[in-house]
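What you see is a predicted model; the values in this text were computed from it and never measured. Throughout, a chain's letter reflects where its sequence line sits, starting with A, and its residues are numbered from 1.
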2 protein chains.
Amino acid sequence: MDVARLSKQDWLTAALGALAQGGVSAVAVVPLAQQLGVTRGSFYWHFTDRTALLRDALQWWEQQGTIAVIDQVASIADPRDKLRELFRIAITEDPVSGLEPALVAHADDPVVAPILRRVTERRVAFLTEAYAELGLPATRARRQALVAYSAYVGWIQLRRATPDALPEIVGDPEALAYLVDNLIGPTG
Amino acid sequence: MDVARLSKQDWLTAALGALAQGGVSAVAVVPLAQQLGVTRGSFYWHFTDRTALLRDALQWWEQQGTIAVIDQVASIADPRDKLRELFRIAITEDPVSGLEPALVAHADDPVVAPILRRVTERRVAFLTEAYAELGLPATRARRQALVAYSAYVGWIQLRRATPDALPEIVGDPEALAYLVDNLIGPTG
DNA sequence: ACCTGAACACCGTTCAAGT
DNA sequence: ACCTGAACACCGTTCAAGT
């Protein structure tokens, strides 16, 4: 019988888990190799170096996390409903908890920067469209999109910064509704 | 003549600079020692270990950065003016650029967690008071404080995530005014 | 095709010894 | 009081060799 051998995806999945938990520095070859039950040498058959692992893992996340959510709500006709559902999914599901804060913190990282920028621009553009559909003029729609996206980013970061304090952030549905009302903005 | 010798504060200052630039993992003994022109061994006379350096540096930042700003605006009588000035200082000055995102990303870190939590709670409490002075009932004031603080955190993080894109975030005073109007909230 | 094992450079930590 | 210098453990990377 053959021993179980690893695929590239096994490394990517492990890397994303480590990234979310311990930040960019936790994407470390030796600990991941131990966790996967192989030696460090085997890593370098799948990837050229640690940077390549990080880049590929983030690109995979970009596909799965970002684009999937937008696809999920893009078909909702009413812009108000669309925004509500978008924020609800983004705030309550948070598929890989802690990943986004880890990325923003390493915004200067040459691997992280281009991916984070693409994701941010895509999301802000999508929000801007939705606010335009709500009737806001172009400049106003873009500014509202920036403010709403800022509040979203800040909210999920606060939730991490204060795990047991500030209980409204984690649990209270009324506080969440208050946030979403604010995100939907002046015409909501 | 005596050779220049280092104080604890020299290490703290160097550590905060490294932290802001490269995150928690950049607070590294050997690179800092090289930068300061001493050997690694000398570090361990001033601090028990790397963790102590990080902790002391963050406590110093907590004193200087957080409390100083609140003191600076606490005397402003009109709550609307107070909030405007607070957000203006917090958003435009950003004394150690990139420090806060670095901290939020390592919210799980046992050194970072308690300090980040104290700072967050102090700021949210201060905002809550100001919104109460503006006439919001207690629960509403607290929720508005959370939303406003989220938007503030998200905004400074967006600014880092997209350095040359999204130019409104960095430069445009009108976009900033739009943000502050939103932060000041329903009665602003 | 996928992995081991040994090698080397770099950082965290300790500690005896220096001034 | 403050620092050096050598030691050891740990992680990133390389590469020849194994199956």
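Per the geometry, CZ belonging to F47(A) stands 12 Å off P belonging to dC2(C), to the nearest Å. Rounded to whole Å, atom P of dC8(D) lies 22 Å from atom CG of D49(B). In this entry the distance linking CH2 of W45(A) with P of dA1(C) reads 6 Å, nearest Å. To the nearest angstrom, P of dC8(D) lies 14 Å from CZ of R40(B). Atoms CG (L32(A)) and P (dC11(D)) sit 11 Å apart, rounded to a whole Å. Spacing between atom CG of D10(B) and atom P of dC2(D) amounts to 11 Å, rounded to whole angstrom units. In this structure, the NZ atom of K8(A) is 14 Å from the P atom of dA1(C), given to the nearest Å. Between the P atom of dC2(D) and the CG atom of L6(B) lies a distance of 10 Å, rounded to the nearest Å.
Along DNA chain D, the nucleotide nearest to G41(B) and the one nearest to R50(A) differ in position, and the one closer to the 5' end is contacted by G41(B).
Between T120(A) and V153(A), every side-chain heavy-atom pair lies at or beyond the 4.5 Å cut-off. At a threshold of 4.5 Å between non-hydrogen side-chain atoms, the residues V104(A) and Q157(A) count as touching.
When distances are taken from the side chain of V29(B) to each of dG12(C), dC2(C), dC3(C), the shortest belongs to dG12(C). Comparing dG12(D), dC2(D), dG12(C) by their nearest atom to the side chain of P31(B) picks out dG12(C). The side chain of R5(B) has dA1(D) as its nearest neighbour among dG12(D), dA1(D), dT4(C).
Side-chain contact of R140(A) with Y178(B): a donor-acceptor pair under 3.5 Å is present, judged by distance alone.
Nucleic acid contact for S7(A): none, since no nucleic acid atom lies under 4.0 Å from a heavy atom of the residue.
Of all heavy-atom pairs between L179(A) and A151(A), the closest is CD1-CB, 4.4 Å.
Listed pair H46(B) / dA1(D) fails the phosphate criterion, with no side-chain N or O lying under 4.0 Å from OP1 or OP2. Residue Y44(A) has a polar side-chain atom (N or O) positioned under 4.0 Å from OP1 or OP2 of dT13(D).
None of T13(B), L12(B), L19(B) except one satisfies the side chain to side chain contact (heavy atoms under 4.5 Å, CB included) rule with L16(B); the exception is L19(B).
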Starting at the 5' end of DNA chain C, write a dot or bracket for each base, bracketing those in Watson-Crick or G-U wobble pairs whose two distances are under 3.5 Å and using | for partners on another strand. ||.|||||...|||||.||

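With sequence neighbours left out, the ring pair (Phe, Tyr, Trp, His ring centres under 6.0 Å) criterion links F43(A) to W11(A), F47(A). Qualifying ring pair (Phe, Tyr, Trp, His ring centres under 6.0 Å) partners for F87(B), counting only residues two or more places apart in sequence or in other chains: none.
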